[in-house]
Amino acid sequence: MDATFNSSLSGSINDIVAALIQPNGRILLGGYIVKSSQPQPLALARLFADGSSDTSLDQALLAGSASTLSVQPNGALLVGGDFNSIGNQQYFSLVRLLDANVLHVSAVQPASRTEAWPVPTHDQLHLRLDAASKPKHVELHDALGRLVLRQAVSTAEVNLDVAALPAGVYILKVQYALGGSFTRRVIRE
């Protein structure tokens, strides 16, 4: 167990059947969640990355149980399950919730516009990065996850000198200022 993750739901009777990481890094949980502060079971709970409760989501709004969760590209939450009510309206199976604290998901991810070749490579690994997502740096990690090469980038075309690295499998990570990161397995022969 990860001792740094201290879930605010520990010690209560819960049946968590769905979980997803929202674009803002918060953890959305769906299921049948019993909290002592609420008069009836909840369908949703949201936690920060450390496990503490995120009270910015009006959890009491959705009573019942949730069995599936999804975030739409505009940040809206799709929740499927068995609900008693949402506010003053009756709902029974599917609802879409709008949440101002959820960032929208970019329609085009940088991974679809990031290229690395040749794979396998010998001396040089050529990269074409997504300039619109503002690449920050590239890294190579060995098969054990150890960082073996890190290079700051400011252009969309990058050549990595891998001639000094031993032959093997590496993980290429490209960190973007906008749009997250790209990860790909590469081989050095």
Side-chain angles (χ1 to χ4, degrees), residues 1-10 16-30 45-54 56-57 68-79 99-189:
M1 293 207 11
D2 181 355
T4 64
F5 185 79
N6 187 13
S7 173
S8 59
L9 298 178
S10 296
I16 306 298
V17 296
L20 72 93
I21 306 298
Q22 293 183 272
N24 59 2
R26 296 174 187 177
I27 305 165
L28 187 67
L29 303 172
R46 186 164 59 196
L47 307 175
F48 290 106
D50 67 356
S52 61
S53 185
D54 175 8
S56 67
L57 176 70
T68 187
L69 305 170
S70 181
V71 176
Q72 293 186 296
N74 67 353
L77 305 172
L78 274 180
V79 183
D99 184 5
N101 289 319
V102 176
L103 305 173
H104 76 282
V105 178
S106 172
V108 179
Q109 299 295 321
S112 64
R113 298 183 310 258
T114 302
E115 300 174 43
W117 76 94
V119 176
T121 188
H122 296 281
D123 297 328
Q124 294 283 317
L125 182 64
H126 306 285
L127 306 175
R128 184 171 299 127
L129 309 177
D130 176 24
S133 294
K134 299 184 180 180
K136 293 174 23 179
H137 61 265
V138 296
E139 298 176 346
L140 275 179
H141 296 260
D142 67 12
L144 297 175
R146 295 178 296 210
L147 180 65
V148 295
L149 186 142
R150 181 182 170 106
Q151 181 175 323
V153 293
S154 58
T155 64
E157 301 283 331
V158 177
N159 291 318
L160 294 180
D161 182 6
V162 296
L165 297 176
V169 176
Y170 294 87
I171 302 298
L172 168 70
K173 292 183 180 181
V174 180
Q175 184 65 47
Y176 288 100
L178 305 173
S181 63
F182 166 83
T183 304
R184 177 179 177 181
R185 183 177 69 108
V186 295
I187 298 171
R188 158 82 166 86
E189 289 185 336

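Only this structure's heavy atoms are used, side chains among them; waters, hydrogens and symmetry mates stay out. Predicted, not measured: the structure shown is a model, and the values here were computed from it.
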Before you tell me yes or no, could you show the steps for Ser181 and Gln175 under side-chain contact (heavy atoms from CB on, under 4.5 Å), namely the whole-Å CA-CA distance, both residues' side-chain angles and the distance that decides it to 0.1 Å?
CA-CA 4 Å; Ser181 63; Gln175 184 65 47; 3.6 Å; yes
Quick check for you: to the nearest 0.5 Å, what is the distance between Leu69 atom CG and Leu28 atom CG?
5.0 Å
Rounded to the nearest 0.5 Å, how far does NE2 of His126 lie from CG of Asn159?
5.0 Å
Leu129 side chain reached by Val153 side chain, heavy atoms, under 4.5 Å
yes
Could you give all pairs that pass the salt bridge (charged side-chain N to carboxylate O under 4.0 Å, His left out) test and reach residues 152-169, with sequence neighbours left out?
Arg128-Glu157
For residues 137-146, which side-chain N or O atoms pair as donor and acceptor with protein atoms under 3.5 Å away, sequence neighbours left out?
from	atom 1	to	atom 2	distance (Å)
His137	ND1	Arg150	NH2	3.2
His137	NE2	Arg150	NH1	3.3
Glu139	OE1	His141	NE2	2.8
Glu139	OE2	Arg150	NH1	2.5
His141	ND1	Gly145	O	3.2
Asp142	OD1	Leu144	N	2.9
Asp142	OD1	Gly145	N	3.0
Asp142	OD1	Arg146	N	2.8
Asp142	OD2	Arg146	NE	2.7
Asp142	OD2	Arg146	NH2	2.8

Tell me, please, which residues at least two apart from Thr155 pass side-chain hydrogen bond (donor to acceptor under 3.5 Å, both in side chains).
none
For the residue pair Arg46 and Leu29, establish whether any side-chain heavy-atom pair is separated by less than 4.5 Å.
no
By side chain to side chain contact (heavy atoms under 4.5 Å, CB included) - contacts of Thr68 (at least two apart)
none
All N/O donor-acceptor pairs, side-chain side in residues 182-189, below 3.5 Å, sequence neighbours left out:
from	atom 1	to	atom 2	distance (Å)
Arg184	NH1	Ala116	O	2.9
Arg188	NE	His122	O	3.0
Arg188	NE	Val162	O	2.8
Arg188	NE	Leu165	O	3.3
Arg188	NH1	His122	O	3.2
Arg188	NH2	Ala163	O	2.7
Arg188	NH2	Leu165	O	3.4

How long is the straight-line distance from CG of Leu125 back to CH2 of Trp117, given to the nearest 0.5 Å?
9.0 Å
Do Thr114 and Tyr176 touch side chain to side chain, with heavy atoms closer than 4.5 Å?
yes
Supply the atom-to-atom distance Leu149 CG to Leu160 CG, rounded to the nearest 0.5 angstrom.
6.0 Å
Sorted by chain and residue number, the side-chain hydrogen bond (donor to acceptor under 3.5 Å, both in side chains) partners of Asp50 (sequence neighbours excluded) come out as Ser52
With a 4.5 Å limit on heavy-atom distance, are the side chains of Phe5 and Leu47 in contact?
yes
